[in-house]
Engineer: 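Structure provided below as structure tokens; questions to follow.
Predicted model only: the values in this text are computed from it and were never measured.
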Amino acid sequence: MAQAIVFLPLLGFILAGIASLLAHRAASAKDVLAFGNADHSAQAGHAAHAHDDHGHDDHHAPEVSPHSEGVSRFAEVITTGFLAVSCVLAWTMFFQIAVGGAAPVRVLVADWIHVGGFVADWALRIDTLTAVMLVVVTSVSMLVHLYSVGYMHEDAGRPRFMAYLSLFTFAMLMLVTSDNLVQMFFGWEGVGLASYLLIGFWYKKKSANDAAMKAFIVNRVGDFGFALGIFLVFWVFGAVAYDPIFAGVAGKAKESVIFLGYKVPMIELAACLLFMGAMGKSAQFLLHTWLPDAMEGPTPVSALIHAATMVTAGVFMVARLSPIFEYAPFAQSVVLIVGATTAFFAATVGLVQNDIKRVIAYSTCSQLGYMFVALGTGVYGAGIYHLFTHAFFKALLFLGAGSVIHAMHHEQDIRKMGGLAKKIPFTAAMMGIGTIALTGFPFTAGFYSKDAIIEAAYVAHQPGHVYAFICVVLAAFMTSFYSWRLYFLTFMGETRADKHTYDHAHESPLVMLIPLGVLAAGAILAGFPFVEKFIGHDYESFWKGAIFMGADNHTLHDMHDHSKLPSWVPWTPFVMMLAGFVLAYCFYLKWPELPKGLAERHPALYRFLLNKWYFDELYDLIFVRPARCLGTFLWKKGDGMVIDGFGPDGVSALVLKITGRAVKLQTGFVYHYAFAMLLGVAGFVTWYLFSGGAH
């Protein structure tokens, strides 16, 4: 069962990829026959549905083979069907292992790397943590595959798109089922590659290419730290498999190593380096800049990668390696503070964004911060619980936004919407459910998981927990405000849209609405039935050692101790949620002139938030421009002038110059050669008389 869950998406990718290649070759062959122009056929082979900056069709894109429609249908059916099977099997495994109490298993796929003492087998680790992640990844991926059938129906590159989705899913499944750090790194880089391909899917669009490159490069920064952490773990423990590492952590907790001239605890250093990888992949503060730009990809990509799966890889990694982090209190505080800062920072930026997908993207960034706050407090179950619930309502919001964009003919600016609840009532209702779940309305999924994190931050013992508590409480208020701002500006009041666009707005096809309904059910039902298992009285029997369960961490117990948790703390998130709703109602429905006046009275603050705290500009000044200048200098001066000038180009130019002059000596006249011979004889006689002849 485990192997089928993991490898069915890979099989779907292979078959859909072959179908895509056949479609391209058919299109190329048709163009060669029709035009006799090989250059044109090469372009026609890339006949993907290009979009302009607003997502509109590029009508200058070459036509594709009429056979590509059948190929597209094949790719859609095969990839979606395989994901549906994987999803059913994943839920079956979840109820067997996580709920039913079956023992964790290790499935050996193959002997992989055996070099000296270095051993890394290709094996699948199936425990409760894996089962939870399998459910999240396969459920969201299957619904996104189904949704894409409708959303991408006009796109000529559908087979390629569906293949990329399945490739991403396979890489993510490899990551969450990994039994060692090398296998995790394989899946880690696999999702990085797939995200690059998906973000830049519309490769004729410069902003999409730039966003794909930005995501790839920023993640390389975090992945460099992750790789160093893996090297250090192997050096310390002599293994990369989880079981021997976890068994030896306690014995290595007090050992130190020299790093950058300082003596530091090895476990602390390893945990901090590993967390660098999580910061990049999960878009934490300072390495967050790629996530909003990644919205340049198609909306289903945003839902799959940036809502529920890839960005949660860092959260999963810290939870999986929780025995290491539990013996690294400084690293735990780093996780706690970085997560809290991210939650606050992203929420402030989300207040003023006008692109519907970017608002939700910054919300994702903020919610990831919540998850790391939970991990930093040592309540790893709460972090994974919020990952689990967040997957449903955030994917719902992204796919709902895609339905809005579809209805509005690719318009994404919420200032040019309004009144859409009359035109697309089902989408409006689903977005409403996603919004109340995100803001933590009582009895929705987000209510249980988000409130648990806020309570954990209050009762935690790590340094920085007070700062974290303040940040997540303020973020709860801002989350409610910007979420309802988005909803009110999009669906309520009088429309501000172009009349033609508004008049022709219509509900999405059924194939796009079904995933919304399923995710809406998850946004409501994924909370209460699982709260006791993830963080309640069934905690130990549910997790069965999949995450750290040492007796030294009292934070989880203190969350349920009324003497340690004042009664006002659980009410705080509800008050913040209600205050954000009331303020958004007053600003955007009751007195809509207030936001503009407030922005005009505080222009510096408004521009600061609108420009995302100027991180992009700062990084451009500190890193991008100097790197570009250095590269240009080394290219023009170092490579061109010095290496080529004195090397190949210099030598070849000198040879050409000498041979050019030597060629002039070859005239073809015999008397010229006789004269040259006479000069040679005269020179030889002269040399003989004045040197050798004198003796």
Engineer: Please report the C-alpha distance between Trp91 and Thr138 in whole Å, then the side-chain angles of each, then the deciding distance to 0.1 Å, and finally whether the side chain to side chain donor-acceptor pair (under 3.5 Å) criterion is met.
Structural biologist: CA-CA 9 Å; Trp91 277 100; Thr138 57; 5.5 Å; no
Engineer: With sequence neighbours left out, write down each residue that passes side chain to side chain contact (heavy atoms under 4.5 Å, CB included) with Ala215, or none if nothing qualifies.
Structural biologist: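 By the side chain to side chain contact (heavy atoms under 4.5 Å, CB included) rule, Ala215 matches Ile199, Trp290.
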Engineer: Side chain to side chain contact (heavy atoms under 4.5 Å, CB included) for Glu76 and His145? Distances and angles first, verdict last.
Structural biologist: CA-CA 8 Å; Glu76 291 168 348; His145 274 73; over 6 Å; no
Engineer: With rounding to the nearest 0.5 Å, note down the distance linking CG in Leu8 to CG in Leu83.
Structural biologist: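 Atom-to-atom, Leu8:CG and Leu83:CG are 8.5 Å apart.
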Engineer: With side chain to side chain contact (heavy atoms under 4.5 Å, CB included) as the criterion, how do Tyr242 and Ser178 come out once you've worked through the C-alpha distance, each side chain's angles and the decisive distance to 0.1 Å?
Structural biologist: CA-CA 9 Å; Tyr242 298 145; Ser178 61; 2.9 Å; yes
Engineer: Does the pair Arg220/Glu189 count as a salt bridge with the N-to-O cut at 4.0 Å?
Structural biologist: yes
Engineer: Under 3.5 Å, is there a donor-acceptor pair between the Thr299 and Tyr151 side chains?
Structural biologist: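 Yes, side-chain donor-acceptor contact under 3.5 Å.
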Engineer: Can you name the side chain to side chain contact (heavy atoms under 4.5 Å, CB included) partners of Leu197, sequence neighbours left out?
Structural biologist: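 Per chain and number, Leu197 pairs via side chain to side chain contact (heavy atoms under 4.5 Å, CB included) with Tyr164, Leu167, Leu193.
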Engineer: Between atom OH of Tyr482 and atom OG1 of Thr435, what is the distance when rounded to the nearest 0.5 Å?
Structural biologist: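 Spacing of OH (Tyr482) from OG1 (Thr435) equals 10.5 Å.
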Engineer: Can you tell me how far CE of Met1 sits from CD of Gln96, rounded to the nearest 0.5 angstrom?
Structural biologist: 4.5 Å
Engineer: Distance-only, no hydrogens or angles: does the Ser20 side chain make a donor-acceptor pair with backbone N or O of Ala16 under 3.5 Å?
Structural biologist: no
Engineer: Does the side chain of Asp111 come under 3.5 Å of the side chain of Trp122 through a donor N or O and an acceptor N or O?
Structural biologist: no
Engineer: Please work out whether the ring planes of Phe534 and Phe542 are parallel, tilted or perpendicular, with thresholds of 30° and 60°.
Structural biologist: tilted
Engineer: Apply side chain to side chain contact (heavy atoms under 4.5 Å, CB included) to Met142 and Ser86, showing your working.
Structural biologist: CA-CA 9 Å; Met142 186 271 289; Ser86 287; over 6 Å; no
Engineer: Could you check, using the six-membered ring where one of them is a Trp, whether Phe530 and Tyr385 have ring centers closer than 6.0 angstrom?
Structural biologist: no
Engineer: For Phe615 and Phe345, take the angle between the two ring planes, folded into 0 to 90°, and tell me which bin it lands in: parallel under 30, tilted 30 to 60, perpendicular over 60.
Structural biologist: perpendicular
Engineer: Can the ring centroids of Phe13 and Phe170 be said to lie less than 6.0 angstrom from one another?
Structural biologist: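 Phe13 vs Phe170: aromatic centres not under 6.0 Å.
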Engineer: State whether Lys214 and Asp210 are salt-bridged, where the test is any N-O pair (Lys NZ or Arg NE/NH1/NH2 against Asp/Glu carboxylate O) under 4.0 Å.
Structural biologist: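 Judged by the 4.0 Å cut-off on N to carboxylate O distance, Lys214 and Asp210 do not form a salt bridge.
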Engineer: Side chain to side chain contact (heavy atoms under 4.5 Å, CB included) with Ala475: which residues, sequence neighbours excluded?
Structural biologist: Ala343, Ala347, Ser366, Tyr370
Engineer: If we ignore hydrogens and angles and just use 3.5 Å, is the side chain of Thr130 paired with the main-chain N or O of Arg125 as donor and acceptor?
Structural biologist: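 Pair found, side chain donor or acceptor close to backbone of Arg125.
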Engineer: Would you please classify the geometry between the Phe185 ring and the Phe226 ring as parallel, tilted or perpendicular, with 30° and 60° separating the classes?
Structural biologist: tilted
Engineer: If we count only N and O atoms by modelled type, under 3.5 Å, do the side chains of Glu326 and Tyr380 hold a donor and an acceptor together?
Structural biologist: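 Side chains of Glu326 and Tyr380: pair found under 3.5 Å.
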Engineer: What distance do Cys272 atom SG and Ile267 atom CD1 have between them, rounded to the nearest 0.5 Å?
Structural biologist: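 If we round to the nearest 0.5 Å, Cys272:SG and Ile267:CD1 are 11.5 Å apart.
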Engineer: Is the ring pair His288/Phe285 parallel, tilted or perpendicular, if the boundaries are 30 and 60 degrees?
Structural biologist: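 Parallel: the ring planes of His288 and Phe285 meet at under 30°.
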Engineer: Can any side-chain N or O of Asp127 pair as donor or acceptor with the backbone N or O of Ala546 at less than 3.5 Å?
Structural biologist: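 A pair under 3.5 Å: no.
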Engineer: Under 30°, 30 to 60°, or over 60°: which ring-plane class applies to His390 and Phe393, parallel, tilted or perpendicular?
Structural biologist: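 Ring orientation of His390 relative to Phe393: perpendicular.
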Engineer: With a distance cut-off below 6.0 Å to the six-membered ring centre and an angular limit of 45° from the axis, does Arg358 pair with Tyr362 as a cation-pi contact?
Structural biologist: no
